[in-house]
Number of protein chains: 2
Amino acid sequence: MNTLAYGLLGLVAKMPSSGYDLMLQLQPFWQAKHSQIYPLLAKLEQEDYLEFTRVLQTDRPDKKVYSITDKGRAALREWLARPTGEPVFRDELSLKAYCLWLTDRATARKLFEEREELNQEHLSMYENFLAELEQACEGRPENPSSPYFGEYILLTRAVNSIREELNWCRWVIGMLDKQS
Amino acid sequence: MNTLAYGLLGLVAKMPSSGYDLMLQLQPFWQAKHSQIYPLLAKLEQEDYLEFTRVLQTDRPDKKVYSITDKGRAALREWLARPTGEPVFRDELSLKAYCLWLTDRATARKLFEEREELNQEHLSMYENFLAELEQACEGRPENPSSPYFGEYILLTRAVNSIREELNWCRWVIGMLDKQS
DNA sequence: CTGGTCATGTAATGAGTTACATGATTGA
DNA sequence: TCAATCATGTAACTCATTACATGACCAG
């Protein structure tokens, strides 16, 4: 049972979903490809943390909809109380920033402009998610008992940190522009 | 040649260092264990991106001090101009936040208090790094031509984002405390 | 008719962690 | 005397990405 496995249990615990669906839902918080998810789901099902029913669809491919078992829910509760691993952040841009002095202004500038753009896209995406959430739960996501609370605080953090990185990019570009 | 390899080249390009030293320098921006670094350095040396001299020490174990070759510097410059991979952030706390509704207030609270503490530690550490850097380069790290510029902008980003996550933790704890 | 989404899977490879291995010095 | 730091390496394992494989539907 690794972290990704608990992540999947956590999503399924809230709402039964297909592997494909879980992959999409998970993206913002834990990047994993379908090739990692499908085998894991099969394993979790074999070990009775999850169960699935095959849902037949006419217009699209059939799907397996997984739901959580009592054993799965118990495992989740136990996991929540166990020590949390430290976060891992790996950003190629940091490593490039370290050797900016080796290159010219134009190349350097481009690096941060691309990241600025990426952040701009992410920002509007997450702002939309947050707005949708606030609609969905009739304005009380700040209540820690609400099932939306977790998503609410996560989206808030995401929006804040993206906004900040965006400002950081602009600050760096500003310095790169000054011919000093 | 993967991202870590370029990261090592980038550090060595600025200052010749031992594998052990590189591991420590790299920690803030790219977490990698010595068991990953040593074999990579050996490979980079075999392929003439790096070269090393064995430095004998009396009080401590001898070390291999790596420095960059012309081929290594050329590879770095080329890498800087190539498209940058998207950052990867994996935080177990996000996944736990998602299923907070499954557990009690006390467990939830502890989760964020622990992260708050971690951020507090990181914050003072990075603030010190930044202060040291500002001393080291006699107050002009904002000059993009300075070899300190890269480190300066990275440390600034680190301090900002840690400070923000710290505030986020406190905000969440505040909500958890309100008996709503 | 081409490319995107939905849908699930396996195989091969690469990246990263943990454990094994050694050994001197220094500070609590 | 116990743990930490410095210093380098290998072996086994797990985790993650890329590539291989299939196939229907829909929009431009």
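None of the values given here were measured: they were computed from a predicted structure. Here is how names work: the chains are called A, B, and so on, in the same order as the sequence lines, proteins then strands, and each is numbered from 1. Values below: every heavy atom of this structure, side chains too, minus hydrogens, waters and symmetry copies.
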Report summary line: Per the under-4.0 Å heavy-atom filter, residues of residues 50-57 of chain B near DNA chain D come out as B:Gln57

Query - Selection from D:dT8, D:dC15, D:dA16 that lies nearest to any side-chain heavy atom of A:Leu4 - result: D:dA16

Query raised in the report: Does B:Lys33 place a side-chain N or O at less than 4.0 Å from the phosphate oxygens OP1/OP2 of C:dT18?
Result: yes

Under 3.5 Å, which protein N or O atoms sit close to an N or O of nucleotides 21-28 of chain D? Give each pair with its distance.
none

Query raised in the report: Does A:Glu114 reach the main-chain N or O of B:Pro83 with its side chain, forming a donor-acceptor pair under 3.5 Å?
Result: no

**Report entry** Contacts of type side-chain hydrogen bond (donor to acceptor under 3.5 Å, both in side chains), residue B:Glu165, not counting sequence neighbours
**Finding:** A:Arg157, B:Arg115, B:Asn119

Report summary line: With sequence neighbours left out, the residues meeting ring pair (Phe, Tyr, Trp, His ring centres under 6.0 Å) with A:Tyr6 are A:Trp79

**Report entry** Watson-Crick or G-U pairs under 3.5 Å in DNA chain D, rendered as dot-bracket with [ ] for crossing pairs and | for another strand
**Finding:** ||||||||||||||||||||||||||||

Requested in this report: Identify, with sequence neighbours excluded, every residue that meets ring pair (Phe, Tyr, Trp, His ring centres under 6.0 Å) alongside A:Trp30.
Outcome: none

Query raised in the report: Is the shortest distance from a Lys or Arg side-chain nitrogen in B:Glu47 or B:Lys71 to a carboxylate oxygen in the other one below 4.0 Å?
Result: no

Query raised in the report: Any Lys/Arg nitrogen of B:Lys110 or B:Glu116 sitting under 4.0 Å from an Asp/Glu carboxylate oxygen of the other?
Result: no

**Report entry** N or O in side chain of B:Gln36 less than 4.0 angstrom from C:dG16 OP1/OP2
**Finding:** yes

Query raised in the report: Residues two or more places apart in sequence or in another chain: which of them pass side-chain contact (heavy atoms from CB on, under 4.5 Å) with A:Ser146?
Result: A:Asn143, A:Tyr148

Query raised in the report: In chain order, what residues pass the side-chain contact (heavy atoms from CB on, under 4.5 Å) check against B:Trp171, with sequence neighbours excluded?
Result: A:Tyr152, A:Ile153, A:Thr156, B:Trp168, B:Met175

Report task. Kindly write out the residues that satisfy side-chain contact (heavy atoms from CB on, under 4.5 Å) with A:Asp70, not counting sequence neighbours, or none if the list is empty. Result -> A:Arg73

Requested in this report: Check side-chain contact (heavy atoms from CB on, under 4.5 Å) between B:Pro28 and all other residues, then give those that pass, not counting sequence neighbours.
Outcome: B:Tyr126

Requested in this report: Could you pull out all residues at least two apart from B:Tyr98 that satisfy ring pair (Phe, Tyr, Trp, His ring centres under 6.0 Å)?
Outcome: A:Phe29

Requested in this report: Pull out every residue in residues 8-22 of chain A that has a heavy atom closer than 4.0 Å to any atom of DNA chain D, ordered by number, or say none.
Outcome: none

